[in-house]
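Below is one structure; the comments refer to it alone.
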Amino acid sequence: MRWLLPPGIEDLLPPQAQALEGARRRLLDLFAAWGYRLVMPPLVEYADALLTGTGADLAQQTFQVTDPLSGRLLAIRADITPQVARIDARDSDPAPARLCYLGSVLTAQEAAPGACRNPMQVGAELYGHGGPESDVEVLRLMLATLRSAGHDSTHVDLGHVGIFGGLSRAAGLDTDAEHTLFELLQRKARADIADFVAGLGLAPAMRDWFVHLPQCFGPIDRLPALRAMLPGVPEPVVAALDELETISHLLLRFEPQLPLFVDLAELRGYHYHTGIVFAAYGAGYGQAMAWGGRYDGVGGVFGRARPATGFSADLKRLLGAPAPQALPVLAPWSSDPTLTALVERLRADGRTVVYELPGSDTGPVGARIVQRDGGWALQDAG
């Protein structure tokens, strides 16, 4: 059974590998057209660098080994985002930086039962601009990425971590209480939330904020009504709601047909995001296909705390079943210069041509090169 792979680790066989490589080339061309420059961080780094800042949340997902050369602890990346922050921090140019990446990562745990633990992470990040325009640009690029991978019918959920964070600070919650409410909101357990906040000694208005928050979701045109469910919230929460409204309006100018939803209790990446958070969903996908948000100051641990926003996805999950590949053209084994020239022309035109090896099975082919009238001609295999 030596051919068995560890749980969640998978090979890509020729059809899947070819489809992924084609998608990779299209996406890198797409990113380049938007001005995003490719970076290629290493698969392994010193653990104290890779698990710094936002990377600290990845500690449970990260394999660590001892480097026999330096004696220091190394980490195999489970996410490329912290590495891109390090790369941006090395550059002193004050202008916004648009960076993209595509590479393998390895996770110690499955995100869901049976999920792949060696995804192909693709993403883009925009550093150095803190306005809603950069968030909208990243959202539009995420949608373009999904369309390039064949997903035209998607919807996007928007949230803002500043809403829950602002309510928690206004209520004076300690770390334990905030963590408990965080877990309950993740499950939208409204009855449990009501029971929990009743014992915190909060003012009635503050209790209502947390009880109503799990209900604050729906199509973007319901945002005014959702805001009305949280009367009297403090100014930082008002600012977060205003920012959410501004970004949604800007995005819909570019994507007027996009199904856009809002969830004021969305807490994806709460411990490292600093503003808007978002995720894209599509038919047949039980989990998000792509996700991202704003994480200002992510490069601070590397000496350069700039505004930052971005998205990422697993390219393997985006592709689905590969499209059928065209059958090859079979050429006879011959060194005839005329035949060689024909084979080279066909390959230059994008056809796959294989030589018939003596004594071997040819397998299915779409066409054959045969001798005809003293030369070589292409003949349909049928």
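Here, residue 1 is the first one in the sequence, and each next residue gets the next number.
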Would you compute the distance between atom [atom1] of [X] and atom [atom2] of [Y] and round it to the nearest 0.5 angstrom?
X	Y	atom1	atom2	answer
E255	L143	CD	CG	5.0 Å
L13	Q18	CG	CD	12.5 Å
L73	D67	CG	CG	9.5 Å
L141	L30	CG	CG	5.5 Å
Q16	L319	CD	CG	9.5 Å
L226	L241	CG	CG	9.5 Å

Please determine if [X] and [Y] form a salt bridge, counting it only when a charged side-chain N lies under 4.0 Å from a carboxylate O.
X	Y	result
R72	D48	yes
D263	K188	yes
E137	R140	no
E183	R187	no

Any side-chain heavy-atom pair of [X] and [Y] under 4.5 Å:
X	Y	result
V298	P82	no
L20	K316	yes
V238	R227	yes
F210	L202	yes
R304	D91	yes
L244	L264	yes
L267	V277	no
L378	R351	yes

Quick check against the 3.5 Å criterion: does [X] have a side-chain atom that pairs as donor or acceptor with the backbone of [Y]?
X	Y	answer
W209	P231	yes
R117	A108	yes
R26	T145	no
H273	R268	yes
Q121	I80	yes
R306	G299	no
T274	D296	yes
R86	F302	no
T246	D242	yes
T180	D176	yes

Are [X] and [Y] connected in the hydrophobic side-chain network, where two residues link if heavy atoms are under 4.5 Å apart?
X	Y	result
I276	F261	no
L185	M229	yes
L43	V122	no
F254	L126	yes
L12	L102	yes

Are more than 12 heavy atoms from other residues, nucleotides or ligands located less than 6.0 Å from atom [atom1] of [X]?
X	atom1	value
R347	CZ	yes
H179	NE2	no
M40	CE	no

How far apart are the C-alpha atoms of Y101 and T81, what are their side-chain angles, what is the distance that settles it, and do they pass the side-chain contact (heavy atoms from CB on, under 4.5 Å) test? CA-CA 9 Å; Y101 57 85; T81 300; 3.7 Å; yes
Starting from the C-alpha separation in whole Å, work towards a yes-or-no answer on side-chain contact (heavy atoms from CB on, under 4.5 Å) for V343 and V329. CA-CA 9 Å; V343 168; V329 174; over 6 Å; no
Residue that, paired with L223, satisfies side-chain contact (heavy atoms from CB on, under 4.5 Å) out of V262, L158, L260: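 Looking at V262, L158, L260, the match for L223 under the side-chain contact (heavy atoms from CB on, under 4.5 Å) is V262.
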Take the angle between the ring planes of [X] and [Y] and call it parallel below 30°, perpendicular above 60°, tilted in between.
X	Y	result
F164	F182	tilted
F31	F311	perpendicular
W333	Y355	perpendicular

Residue pair [X] / [Y]: nearest heavy atoms and the distance that separates them:
X	Y	result
Q109	Q60	CG-O, 4.0 Å
A288	A279	CB-CB, 3.9 Å
E356	T362	OE2-CG2, 3.3 Å
T62	A75	CG2-CB, 3.6 Å
R294	P307	NH1-CB, 3.7 Å
P332	I369	CD-O, 3.3 Å

Apply side-chain contact (heavy atoms from CB on, under 4.5 Å) to V233 and I163, showing your working. CA-CA 9 Å; V233 294; I163 297 171; over 6 Å; no
Using only heavy-atom distances, determine whether the side chains of R372 and Q379 contain a donor-acceptor pair under 3.5 Å.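 Judged by distance alone, the side chains do pair up.
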Step-by-step side chain to side chain donor-acceptor pair (under 3.5 Å) determination, N118 to E10: CA-CA 7 Å; N118 63 325; E10 61 186 10; 5.7 Å; no
Tell me, with the steps shown, if L139 and M142 meet side-chain contact (heavy atoms from CB on, under 4.5 Å). CA-CA 5 Å; L139 277 159; M142 178 186 72; 4.0 Å; yes
